[in-house]
Participant: 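One structure follows; several queries about it will come next.
Just follow the structure's listing: the first ligand is 1, and inside any ligand the first atom is 1.
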Amino acid sequence: MSRGVLYLVGTPIGNLEDLSERAKRILREVKRVAAEDTRRTAKLMQHIGSEVPLLSFHGHNERSRIPKLIESLTSGEDIAVVSDAGNPGIADPCERLVREAIAAEITIVPVPGPSAFLTAIPASGLSAERFRFEGFLPPQKGARRARLEALRYESSTIVFYEAPHRLSQLLEELESSWGDRSIVLARELTKMYEEFWRGSVGAARAEIEERPPRGEYVVLVEGAGPEGALSDEVVARIVREELTGGSSMRDAVKTAARLALRKEQEVYRIVKGEAD
Ligand code: SAM
């Protein structure tokens with residue numbers, strides 16, 4: 001008996017018109033749809049006239065669900081996975097299922113739809129040439145700080161997801177870790193109150209103090225540039241940290257030059273200036 005196919009189906013992040021014809025067809029044709037929130041997906045299924053049965057599949061039950069899904073696929077059933085919105089697997093469960101399906105030699109077919117971060121980037125006005133998707137920061141304070149610290153020298157546009165009740169905290173952390181960079185708050189994408197707020201992190205903090213955040217947000221932050229976060233002071237600090245970590249002066253300067261997009265002679269000049 002031939003095996004079933006696992007379809008990863010992208011669904012709208014707000015506007016139902018964004019559901020593709022192909023996604024509709026697959027959601028009508030498969031044997032079962034594994035959905036993060038069955039009540040929410042039931043509305044989508046009703047909208048497209050699909051009567052395919054739904055099965056709940058979310059972060060809390062994936063471990064017990066996966067073997068059953070693999071068994072159904074192995075016995076020849078085609079299954080579609082959807083998340084509440086956007087692409088399954090993007091800040092949503094599905095990664096483990098995909099890995100186990102690959103191990104079971106199941107064919108995986110992606111059916112792309114909108115993702116909040118890909119919708120936000122081109123309209124943000126920040127560089128879309130290179131970007132880094134970070135999704136949600138971890139909930140614990142220390143882990144959030146550590147993540148931001150690790151990204152301090154990232155020169156690509158950095159993209160986060162954040163819940164409205166944590167937005168203020170995120171902005172405060174961004175300002176204290178990276179300084180006052182350019183930022184875009186992309187809110188309620190593809191929905192009635194879609195909005196792009198553009199400015200600096202400091203101004204964004206003032207803005208949300210005045211107008212408490214509501215709805216869903218993608219937060220896009222300008223990457224570190226040679227004349228941005230990586231001031232002479234920061235360059236000198238990198239060298240100091242590298243030396244403390246046991247690097248030779250030559251290696252420390254090399255690392256700082258690479259991270260700061262500066263010439264090694266310039267870094268030597270900065271270090272020498274500090275020592276004088
Ligand atoms: N799988 C989704 C995707 O492909 O984008 C992401 C799901 S994640 C659990 C939910 C987060 O995505 C929200 O907290 C928000 O940060 C972002 N998001 C989802 N829909 C959005 C929208 N319409 N406008 C802005 N952000 C959105």
Participant: Just to confirm my output: which protein heavy-atom neighbour is closest to atom 22 (C) of ligand 1, and how far is it?
Facilitator: Leu189 N, 3.5 Å

Participant: So, Arg240 and Glu242, do they make that salt bridge, N to O below 4.0 Å?
Facilitator: no

Participant: Quick check: does Asp92 get an N/O under 3.5 Å from an N/O on ligand 1?
Facilitator: yes

Participant: Is there a polar contact between ligand 1 and Phe117, counting only N or O atoms under 3.5 Å apart?
Facilitator: no

Participant: Going from CD1 on Ile48 to NZ on Lys43, what distance comes out if it is rounded to the nearest 0.5 angstrom?
Facilitator: 15.0 Å

Participant: Of the choices Gly59, Gly10, Ala85, which has the non-hydrogen atom that lies closest to atom 2 (C) of ligand 1?
Facilitator: Ala85

Participant: Count the heavy atoms belonging to other residues, nucleotides or ligands that lie under 6.0 Å from NZ of Lys24, then report whether that count exceeds 12.
Facilitator: yes

Participant: Using a strict cut-off of 4.0 Å, indicate which atoms of ligand 1 neighbour a heavy atom of Gly86.
Facilitator: 3 (C), 4 (O)

Participant: Which of the numbered atoms in ligand 1 are under 4.0 angstrom from any heavy atom belonging to Ala186?
Facilitator: 25 (C)

Participant: Quick one: CD on Glu233 to CD1 on Ile270, what's the gap to the nearest 0.5 Å?
Facilitator: 11.0 Å

Participant: If you have a sec, work out which protein heavy atom is nearest atom 5 (O) of ligand 1 and how many Å separate them, to one decimal?
Facilitator: Tyr161 OH, 2.6 Å

Participant: Under 4.0 Å from a heavy atom of Ala91: give me the atoms of ligand 1 that qualify, with their elements.
Facilitator: 8 (S), 9 (C)

Participant: May I ask you to decide if the ring planes of Phe136 and Tyr161 are parallel, tilted or perpendicular, using 30° and 60° as cut-offs?
Facilitator: perpendicular

Participant: Identify, by atom number and element, the atoms of ligand 1 in contact range of Lys191, meaning under 4.0 Å from any of its heavy atoms.
Facilitator: 23 (N)

Participant: Should we say atom CD of Glu95 is surrounded by more than 12 heavy atoms from elsewhere, each under 6.0 Å from it?
Facilitator: no

Participant: How long is the span from the NE2 atom in His58 to the OG1 atom in Thr38, to the nearest 0.5 Å?
Facilitator: 8.0 Å

Participant: Which residue owns the protein heavy atom closest to atom 4 (O) of ligand 1, what's the atom, and how far is it?
Facilitator: Ser115 OG, 2.6 Å

Participant: Is the closest N or O pair between Arg187 and ligand 1 shorter than 3.5 Å?
Facilitator: no

Participant: Can you tell me how far CG of Leu6 sits from CD of Glu100, rounded to the nearest 0.5 angstrom?
Facilitator: 11.5 Å

Participant: Checking a contact table here: which protein heavy atom is nearest atom 16 (O) of ligand 1, and how many Å away?
Facilitator: Tyr217 O, 2.6 Å

Participant: If you measure every N/O of Ile13 against every N/O of ligand 1, is any gap under 3.5 Å?
Facilitator: yes

Participant: Hey, is Phe136 one of the residues with a heavy atom under 4.0 angstrom from ligand 1?
Facilitator: yes

Participant: For ligand 1, which is the ligand I care about here, please tell me if Ile90 has any N or O atom under 3.5 Å from one of the ligand's N or O atoms.
Facilitator: yes

Participant: Provide, to 0.1 Å, the distance between atom 18 (N) of ligand 1 and the closest protein heavy atom, together with that atom's residue and name.
Facilitator: Ala116 CB, 3.4 Å

Participant: Tell me the protein heavy atom at minimum distance from atom 13 (C) of ligand 1, and give that distance in Å.
Facilitator: Glu216 OE2, 3.5 Å

Participant: Look at ligand 1 and say whether Val218 reaches it with a heavy atom at a distance under 4.0 Å.
Facilitator: yes

Participant: Under 4.0 Å between a side-chain nitrogen and a carboxylate oxygen: does that hold for Arg181 and Glu222?
Facilitator: no

Participant: Is the number of heavy atoms from other residues, nucleotides or ligands under 6.0 Å of Lys141 NZ greater than 12?
Facilitator: no

Participant: Can a side-chain donor-acceptor contact be found between Ser75 and Arg3 if the only test is distance below 3.5 angstrom?
Facilitator: no

Participant: For ligand 1 and Pro88, I'd like to know whether there is a polar contact (N/O to N/O, distance under 3.5 Å).
Facilitator: no

Participant: State whether the number of non-hydrogen atoms from other residues, nucleotides or ligands found under 6.0 Å of Glu241 atom CD is greater than 12.
Facilitator: yes

